[in-house]
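Only one structure is covered here, and it is reproduced in the block below.
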Amino acid sequence: MASLVRSRVLLSSLWILLLLTGIVAAEHRRPKSVQVSLRAKWPGTSLLMEAGELLSKQSNGLFWEFTDLWLQLDRGSDCQSARCCIKKIVDDGRSMLSNHLGSIFEFSLTLRSASPRLVLYRQLAEDSLSSFSIDEEVGSLNFTGDESGRVADSSVVSNNQSIPPSSCCWVDTGSMLLFNVSQLLSWLDTSFKQPLGASENPELFEFDHIYDGLSIAGPIAIFYGALGTECFNEFHVALVDASKKGKVRYVVRPVLPIGCPVAASSCSVVGTSGAVNLGGYGVELALKNMEYKAMDDSAIKKGVTLEDPRTDDLTQEVRGFIFSKIMERKPELTAEVMAFRDYLLSSTISDTLEVWELKDLGHQTAQRIVQASDPLQSMQEINQNFPSIVSSLSRMKLNESVKDEIIANQRMVPPGKSLMALNGALINIEDIDLYMLMDLVHEELLLADQLSRIKLPQSAIRKILSAAPPSESNSFRVDFRSSHVHYLNNLEEDAMYRRWRNNINEILMPVFPGQLRYIRKNLFHAVYVLDPATSCGAESIDMILSMYQSNVPMRFGVILYSSKLIKTIEEKGHNYAVNNEAKNGEDISSLIIRLFIYIKENYTTQLAFQFLSNVNKIWSVADDLHEEAPEAHHVEAAFVETVLPKADSPPQDTLLKLQREGKYVEEAKGSSLFVFKLGLSKRHCCLLMNGLVQESSEDAAMNAMNEELPRIQEQVYYGYITSKTDVLEKFLSESGHQRYNPQILGEGKEKKKFISLFTLFFGGETTLQEVKYLHSSETADDLKPVTHLLAVNASSREGMKLLHEGINYLIEGSTRARLGVLFYGNSEANSPALLLAKVFERTVSSFSHKENVLEFLDQLCTFYESQYISVLSLASDSLSLFVEKISELAEMHGLPSDDYKSILSSVSSDMIKKQMDKVFNLLSRQIGPEFGNAAVITNGKVLIPIGVTSFLSDDFSLLESVEYDQRIKYISEIIEEVDWKDIDPDDLTSKFYSDLIMLASSSMAIRERSSERAHFEILNAEHSAVIMNNANSALHIDAVIDPLSPAGQKLSPLLRVLWKCIQPSMRIILNPISSLADLPLKNFYRYVVPSVDDFSAVDYSVNGPKAFFSNMPLSKTLTMNLDVPEPWLVEPTVAIHDLDNILLENLGDVSTLQAVFELEALLLTGHCSEKNHDPPRGLQLFLGTKQMPHVVDTLVMANLGYWQMKVSPGVWYLQLAPGRSADLYVLKESEDESLSSKRITINDLRGKVLHIEVAKKRGKEHEELLIASDDNKVNERKTDDRHSWNANLLKWASGFIGGNGKKSLGHKKTERHGETINVFSVASGHLYERFLKIMILSVLKNTQRPVKFWFIKNYLSPQFKDFIPHMADEYGFEYELITYKWPTWLHKQKEKQRIIWAYKIFF
């Protein structure tokens, strides 16, 4: 007992001693703090409208539901502060969303991530107003069409210069602007009566909010206004009513001009005052390496006074003390306790440790994190305040099990490596930021929400989201095995290859680059598909013979076809083309094929190939070179020349006999039909390298062989291919397809398009729930993982052809697919199309299980196509004949004919037409403007057939096979294994399963995620991992993190944000470097995350998030650096002190150093390429709006064709600059399409990376973009500044880097003459800015020439940027401030000082 009392007395004495020591020290060294904020350059935006934009990301319907909710003028009127308003808005938003989506919505709203979208709408509003001139007397606008009358200034809306008094809402119809409801109603009455296309509609964008009305093709009315304004309700109600009646397509773009009167609720204007304060970035205060003098000793001038910083977070542990609890217990000692805390913080800074203290520092850090009650907070506290904590960490006793597990894991992961995966998909650590992470998480949660709506249990949802879909293999092979392949050689049997080695393992031996492997094995089958009567085919034959004679180790073959015969098949059908070949005229291709087969059978294959070459030779030397194809006499002459040396009888007699007997005609037809069935005829000439489709050139053949080589080597290495294996048989049996269609495969210009079918299934118009499906015979009760939806315009031949082929596909048999039909079209009453739709609906819904139903529908389509497809309306006589024919066909196939008579006699045309219009409207919104007369939607994948014969029954089979293997199979397997608990077993029908698979696979198809994955499960996670399980979460995060690294500094707050928001499952493996030679972190770091506390509780102001560093070291020189998302260009706008050299002990009475940065612009970057050429170095690009095409410009660099521009949120148009760039090049949209400009949408804070392709104009292929001057023009070049390399460099610098040019008109400018001297300079810090001013004066005093200074703007202080215009005016020089962001593909330094040095090297 006595010892206990003595211990307490001793501790009390120690406490008093420490407290007194802290008080005395604190009097002399009061700790200082640093506060940093970042704001956007654009004016504030309304939080209420931002909430609507965030909800529109979930669905278009939620946006309109939220709008209707806030139409009530008294909504939010009881709120007297910004915090009350945001809570009200959040509650309304969350009421429409699931719990996790609601959390993301709330956080995104505080993050202000939707603000750029409203800035974009503001730009569109300015463009809308600037396109018209205003008649202020009547308050309406008339379209001028005069470019000179348009307003180019970007402040139109914000300054109300072009808006009639008291008007904050207007409607843009494309031809006029309407500023009051009476004008709108008048316009609606007149436009509804006008024919379609009578007036020009305004342009719509993919982000527009389009009201779900009846009309999809009517006039467009774009409404610019904002919730809460007095005029919004009136316009909205009128437009909604007109849209429901089908009079107009109603589009709203939320815009709130400054000064507009707001209704009773002030929540509409919360966020609009001042600039938008941003979060989602990091701030670093690094301990600076003072290798040389960098401190400026000039006095600090008083500058802008900012608001008081927030108080310290007392809940954080400091040297074992939690001061918030001490303050609760001893409130009367507040001053003394805080002084003691300040002393502890200021005395623990360390930037050096002894070697033995560093040895296990990483392991000790991992142990501290794992053992903490809140591991994520502990990790964030350690790596963001490392210099303050390192001393205590180094004294911690290490558990050897932690160290052993980390070392064991590092046998599989490099020490210090950081990785992160969301539901199995790897995320690039270098690129990740808070905005990107929120988008990824939102996409996953949205998918999870959709999957839960179709009653999938949580375990199945997580399996689907985390499963690795089969990789889209590039090895799509066409199975061309048939008797129609004619091989020239056989490496295994021909005598010419006898000396080659026959050991297949030789393929694994190393060789010199480019060296071929000569192995007597048919490993590479190069089969060319060609028309021998075309120039392409002839060139391919000569190339094959050349490569054959050069002993290239390939087995060469050809499949020959007639383009003329295939064209006839496409136009008139298979039967007509085959049975009426004589009527089709002379077919030279078929003649060549017949003679080729004759020579091959009666002589040798080599001689047959020589015959093909002779045809080309005789044709090419003939006088009639203008002929597009050889003529019969060319072919006959080649035949005679080829056969004559070896013929027993005159070749002419053989020709006559072949023509008279028609020998080999069927073989020639069969070869062409085989190519048509494969779908390869549209490629004209192509190469099949072991079934892989390639171009037919020699380079393509060699490249294809080199690409195939590693695949064969892998199979040989693992023993799957041996010397006895038939390689072609193996490859084509495993992955061969009987059909090739680039539209299905997404090759070339055909881009894959996917839509989610949830809107069609669960939306207000549940169209898909009403669809009945067709099945192959006797499979109606089987599960069908593949669902083909045919959208068919029954009045078009393309639509009916597609429907016919779909039925034939089911007749041929499919056990994995079902087919649904959605009819649409503009049909009149009593139209045959309406009757056909009704017959189909009745047949599928009532008789789909009947045996002959497919044959009935097939003959019905044939009958309809032949007689009624062009008929707009049926008279009573024709109608009765139509009904009789339907009844006859029904009776013929065992269907009740009376049933059809009854249906067709009492059919309601209006009801069918309404249903067809609904289908058309829904599909048009989902698919987009390319939607035409027909479409195939297979589990969400959209295909628009081009032409009548572009999609055949074989294409349906190919589509089924490809989609099932690549997207559907793994989802189907997961759903089939689900253990259903809350569903009636009677409801678990094949249709139920098929619908689930269709919806789940369509939703997963639109998911954009990385295909890269890592096997985190192989890492041990018992002693050195943070595991946070949540069985109810659909998200799982795997991470490997070095907590003492820059990546760890950024990831720890991001993971903590996720845990606070949605609590996903996490498995975080700590991976510190085991043996450290120096401190891994020499900086303090804060990641700025917003919260509801940033919104004022006393008024309507929004303060915004800030980075706050409390109790920083006083005697250490710090340098500030911002860790912003890669697309952000930021600069300091308010900073009294030198941010490069912060010495807090020099602050004097100021307790907090404050700095404000501004997001100057977002980065638009990209790469420009030219097919088969180097990047077009020096190509000039313009970016602007429709009213102002040239806002910024840039040049394409030689390195990767890289280019860079500064942009703000908006809709921009990229085009080639007038002059040599536009004269020589065009922008390419695809192989066959060119563009005058490319539209670019910037509607978020993530910038954009574009890949653009250009091509030389016809006739300009050999002209150079950059022309070197002749030597005899050197003197002229010297006198003309515009033609010098120096001027070109400066033009590049001002355009590419984004300059803000300033020209001085100072009095001394007139005294200078001669060529301008250009001086580039990079300066950072107040001291070097002083040196820069001295240097400027020194240059000016030592030359009489004009001088222009170029300053990189990134690191200049606000004081220098404010001062330099006055100096330029006083001393008469020009200057330009330029901004540049280091390219992501170039190695980038991590330390700020080294980054600045890199810029110096660059300039």
Side-chain angles (χ1 to χ4, degrees), residues 475 477-530 540-560 596 599-601 603-613 686-694 696-717 719-736:
S475 57
R477 301 179 189 271
V478 176
D479 189 352
F480 59 85
R481 292 171 293 177
S482 78
S483 59
H484 300 293
V485 182
H486 307 285
Y487 285 107
L488 173 62
N489 59 336
N490 189 327
L491 277 69
E492 298 176 4
E493 299 177 1
D494 292 353
M496 63 184 295
Y497 307 111
R498 191 171 299 162
R499 299 183 62 181
W500 292 9
R501 298 180 181 182
N502 61 0
N503 185 359
I504 188 67
N505 291 320
E506 290 286 333
I507 201 170
L508 301 177
M509 299 297 291
V511 297
F512 292 106
Q515 181 179 343
L516 300 178
R517 291 171 168 81
Y518 296 96
I519 302 172
R520 186 152 49 92
K521 181 74 176 170
N522 292 323
L523 300 176
F524 305 100
H525 295 73
V527 176
Y528 289 80
V529 182
L530 53 90
S540 298
I541 291 295
D542 289 342
M543 181 189 65
I544 291 170
L545 291 174
S546 173
M547 295 174 71
Y548 167 72
Q549 292 161 6
S550 300
N551 281 341
V552 175
M554 297 183 192
R555 188 182 190 193
F556 297 100
V558 294
I559 304 176
L560 306 176
F596 174 87
I599 297 174
K600 178 186 173 183
E601 290 188 357
Y603 298 95
T604 64
T605 303
Q606 287 74 19
L607 193 64
F609 274 85
Q610 189 58 50
F611 160 68
L612 296 178
S613 180
C686 69
L687 161 66
L688 300 178
M689 174 59 73
N690 288 350
L692 299 174
V693 182
Q694 308 284 349
S696 60
S697 65
E698 183 174 350
D699 288 342
M702 299 306 296
N703 291 335
M705 184 175 71
N706 291 331
E707 291 173 3
E708 185 78 336
L709 177 62
R711 303 186 187 103
I712 297 176
Q713 287 176 321
E714 181 182 4
Q715 300 264 351
V716 171
Y717 179 82
Y720 301 132
I721 291 179
T722 65
S723 297
K724 296 182 179 180
T725 305
D726 187 327
V727 174
L728 184 67
E729 188 75 21
K730 175 180 173 58
F731 281 166
L732 296 186
S733 298
E734 291 176 351
S735 59

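Since the structure is predicted, the reported quantities are computational estimates derived from the model, not experimental observations.
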Query - Thr605: partners by side chain to side chain donor-acceptor pair (under 3.5 Å), with sequence neighbours left out - result: none
**Report entry** Partner set under side chain to side chain contact (heavy atoms under 4.5 Å, CB included) for Ser483, not counting sequence neighbours
**Finding:** none
Query raised in the report: Going through the distances and angles, do Leu488 and Leu545 end up as a side-chain contact (heavy atoms from CB on, under 4.5 Å)?
Result: CA-CA 9 Å; Leu488 173 62; Leu545 291 174; 4.2 Å; yes
Query raised in the report: Can you list every pair that meets salt bridge (charged side-chain N to carboxylate O under 4.0 Å, His left out) and has a residue in residues 508-526, with sequence neighbours left out?
Result: Glu492-Lys521
Query raised in the report: Which atom names give the shortest non-hydrogen contact between Met543 and Ser697, and what distance separates them?
Result: SD-C, 3.5 Å
Query raised in the report: Does any non-hydrogen side-chain atom of Trp500 lie less than 4.5 Å from one of Leu491?
Result: yes
Query raised in the report: Taking it one step at a time, do Leu607 and Phe596 satisfy side-chain contact (heavy atoms from CB on, under 4.5 Å)?
Result: CA-CA 9 Å; Leu607 193 64; Phe596 174 87; over 6 Å; no
Query raised in the report: Would a 4.5 Å heavy-atom cut-off, applied to side chains only, mark Ile712 and Phe731 as touching?
Result: yes
Report task. Run the salt-bridge test on Glu708 and Arg711 with the 4.0 Å N-O cut-off and return the result as yes or no. Result -> yes
Query raised in the report: Would you call the rings of Tyr528 and Phe556 parallel, tilted or perpendicular, where under 30° means parallel and over 60° means perpendicular?
Result: parallel
Can you list, pair by pair, the side-chain donor-acceptor contacts under 3.5 Å of residues 546-555, counting residues two or more places apart and other chains?
{"from": "Ser550", "atom 1": "OG", "to": "Ser546", "atom 2": "O", "distance (Å)": "2.9"}
{"from": "Arg555", "atom 1": "NE", "to": "Asn489", "atom 2": "O", "distance (Å)": "2.8"}

Query raised in the report: According to the salt bridge (charged side-chain N to carboxylate O under 4.0 Å, His left out) rule, which pairs have a member within residues 724-734, sequence neighbours left out?
Result: Arg481-Glu729, Lys730-Glu734
Report task. Show the numbers, then the answer: is there a side-chain contact (heavy atoms from CB on, under 4.5 Å) between Val527 and Asn690? Result -> CA-CA 8 Å; Val527 176; Asn690 288 350; over 6 Å; no
Query raised in the report: Once you round to the nearest 0.5 Å, how far does OG1 of Thr722 lie from CD1 of Ile504?
Result: 8.0 Å
Requested in this report: Please examine the side chains of Leu692 and Leu687, heavy atoms only from C-beta on, and report whether any two atoms are closer than 4.5 Å.
Outcome: no
Query raised in the report: Passes side-chain contact (heavy atoms from CB on, under 4.5 Å), Ser696 versus Ser540? Steps please.
Result: CA-CA 7 Å; Ser696 60; Ser540 298; 3.9 Å; yes
Query raised in the report: Are Ile599 and Thr604 side-chain neighbours, meaning at least one heavy-atom pair lies under 4.5 Å?
Result: no
Query - Contact check, side chains of Phe480 and Leu728, non-hydrogen atoms, under 4.5 Å - result: yes
**Report entry** Residues, nucleotides or ligands: over 12 heavy atoms within 6.0 Å of Tyr720 OH
**Finding:** no
Query raised in the report: Between Met689 and Ala526, which heavy-atom pair has the shortest distance, and what is it?
Result: CE-CB, 4.1 Å
Query raised in the report: Would a distance-only check, ignoring hydrogens and angles, find a side-chain to backbone donor-acceptor pair under 3.5 Å from Thr725 to Val727?
Result: no
Requested in this report: Report the distance from atom CG of Asp479 to atom OG of Ser735, rounding to the nearest 0.5 Å.
Outcome: 9.5 Å
Query - Minimum side-chain heavy-atom gap Leu612-Ile544 below 4.5 Å - result: no
Query raised in the report: When rounded to the nearest 0.5 angstrom, what distance separates CZ in Phe524 from CE in Met702?
Result: 9.5 Å
Query raised in the report: Is the shortest heavy-atom distance from the side chain of His486 to the side chain of Ile559 under 4.5 Å?
Result: no
Query raised in the report: If you take all heavy atoms of Arg477 and Leu732, which pair is closest and at what distance?
Result: CB-CD2, 3.9 Å
Report task. Quick one: which residue pairs count as a salt bridge (charged side-chain N to carboxylate O under 4.0 Å, His left out) with a foot in residues 495-510, not counting sequence neighbours? Result -> Arg501-Glu506
Query raised in the report: Taking the side chain from Ser613 and the backbone from Phe609, do they hold a donor-acceptor pair closer than 3.5 Å?
Result: no
